[in-house]
Amino acid sequence: MTFGITVLPEWAQSEGIENLLDRLQQANVTDIATSPYVMQADSNGTREPPVDGGAGKVRLLDRELWGARELSVRTAPSFHPDQSLYKTTAYQPPAPDDLTEREGHVVQEFIEAATARGMNVWFQVQSAIPPGYRVQFGGPEPGDVCLGPDDQPGARRVDSNASLAAPDVIAYGEAMMQDLARAYPRLAGIRLDWPEYPPYDFHALFFDFSPHALQVARELDMDIERMRHDATALQARLTRNLDADLLSRMSYLDKDSLSLMLKRYPGMLDMLRLRRQLSLSIIQRYRKALPATFDLVPQAFPPPFNLLSGFDFDAVSKVVQGIGVKLYTMHWPMIAADYARSMSAGKASAAEVAEALVTALDICDDTPPADRGFSYPEPDENHSASAGNIERKIAAARQQARDCPVYAFTHAYGPCDDVLRRAEAAWQSSEGNMWVNRYGYLSNEKLDALGLMVSR
């Protein structure tokens, strides 16, 4: 059994290590994921909680952080990085500062105290967003960004992942794996976030035409001009020339249905194959960089989103010690809304597009009304995903991952009853291997309810 919670370092700083661990043990928590930084309030900093691609501005923390449910913050590394490890990459870790000296020890003490209580402690880091300690603080250099077939990066929304083929990004990630393992040897392992092409936005479905990715494509003897032509043609078909005929063929996405829909666009099938290769390769490189005593658990989009993101459960399962499947259900309508905005410019109606997306992505059991559309849920609003949606996604991931452990990653954002509803589906379908993201949205009521569910 695994019942894990992502508890970022600011909560150990704010609530105190022993008080925090007492609370988690009362809820039967077995595992904790944190990160190698420390935080402080700063009026010139970034919003906490994150704005989540602009849609998450409605979110407030359920737990007060230094007496507030919404504040501006800055971070610093919790340790002194070994600069000698980063000589081969243009990216460098953030420099320790006065915050590191004052508060950095908290992370090490948090790990030691939790381990002493029999808990497993993990670091969650970013796969392709240097410096990698947290999603909101970093990003690639211009030469390493993902590009579409028009050689443009598109608008930045939820993620700022670099090209998974960028040599400096990979070298930095390898150095970070070694650095963290040396600095924090008591960790159980690393949870690696977004080792894929996150499909949050419609334009991201047509990545990656960056020079680094195209170099890999050449090495794989792929026809780059065909890829560019077919990606451009499909983009136009799904936007300006979308019709009811194509929408009617958008059944639940799997390898066979996707291949059938893209049979007129073989270059796009090559692009998806390239993504799978790049995703697998970066995971292999990071696994090799870590000591054998450390587990590596990549966190990925669930089926069928993974067919678009490039995460191959079958291939990756042979490399890692577990796979996390992200059931962050407040994102699903946000993703559908972005796709629908782009796709509704063609001949199909908004209602037809909505129905096709619901079917293809299996994100809710009822098609949203055309006049309401898809929306990021308010803090007191139930998420539209059903237990069936969640269960089917975990079942598909487990089937594809074969004997590799699969962990259901549910989210604490939302009203208590709905958080519990989604967690029960995640817990049952994973057979008791569940993580909850994030502690800041876990009121005492939610934490008690989850602890009781686990104890049963």
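Position 1 is the first residue of the sequence; numbering continues from there.
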Using atom types as modelled and distance alone, determine if a side-chain donor or acceptor of Arg186 lies under 3.5 Å from a backbone N or O of Val121.
no
Cut-off 3.5 Å, side chains only: do Asn389 and Ser386 have a donor facing an acceptor?
yes
How would you list, by chain and number, every residue that makes a ring pair (Phe, Tyr, Trp, His ring centres under 6.0 Å) with Phe206, sequence neighbours excluded?
Phe202
Ser455 side chain reached by Phe3 side chain, heavy atoms, under 4.5 Å:
no
Glu431 atom CD: more than 12 heavy-atom contacts under 6.0 Å:
no
Please, which pairs that meet side chain to side chain donor-acceptor pair (under 3.5 Å) have at least one residue in residues 162-181, sequence neighbours excluded?
Tyr86-Asp179, Ser163-Asp208, Ser163-Ser210, Glu174-Arg285
Any residue meeting side-chain contact (heavy atoms from CB on, under 4.5 Å) with Gln399, in chain and number order, not counting sequence neighbours:
none
Val145: partners by side-chain contact (heavy atoms from CB on, under 4.5 Å), with sequence neighbours left out
Pro140, Leu147, Pro153
Cation-pi, Trp427 ring and Arg456 (6.0 angstrom, 45 degrees):
no
Go through the steps to decide whether Phe313 and Phe311 satisfy the test ring-ring contact (aromatic ring centres under 6.0 Å, His included), and finish with yes or no.
CA-CA 6 Å; Phe313 281 92; Phe311 190 91; 5.0 Å; yes
How would you list all residue pairs meeting salt bridge (Lys or Arg N to Asp or Glu O under 4.0 Å) that involve residues 118-139, not counting sequence neighbours?
Glu10-Arg134, Glu48-Arg134
Residue pairs fulfilling ring-ring contact (aromatic ring centres under 6.0 Å, His included) with at least one residue in residues 4-40, sequence neighbours excluded
Trp11-Tyr439
For Pro185, enumerate each residue passing the side-chain contact (heavy atoms from CB on, under 4.5 Å) test, keeping only those at least two apart in sequence or located in another chain.
none
Quick one: closest heavy-atom pair of Ala423 and Leu450, and the distance?
CB-CD2, 3.4 Å
Taking only residues two or more places apart in sequence or in another chain, which ones pass ring pair (Phe, Tyr, Trp, His ring centres under 6.0 Å) with Trp194?
Tyr200
Per the salt bridge (Lys or Arg N to Asp or Glu O under 4.0 Å) rule, what does the pair list look like for residues 401-411, sequence neighbours excluded?
Asp314-Arg402
Going by ring pair (Phe, Tyr, Trp, His ring centres under 6.0 Å), name the residues that satisfy it together with Phe137, two or more places apart in sequence or in a different chain.
none
For His212, what residues pass the ring pair (Phe, Tyr, Trp, His ring centres under 6.0 Å) criterion, not counting sequence neighbours?
none
Could you list the residues that satisfy side-chain contact (heavy atoms from CB on, under 4.5 Å) with Asp97, not counting sequence neighbours?
Arg74, Ala76, Leu99, Thr100
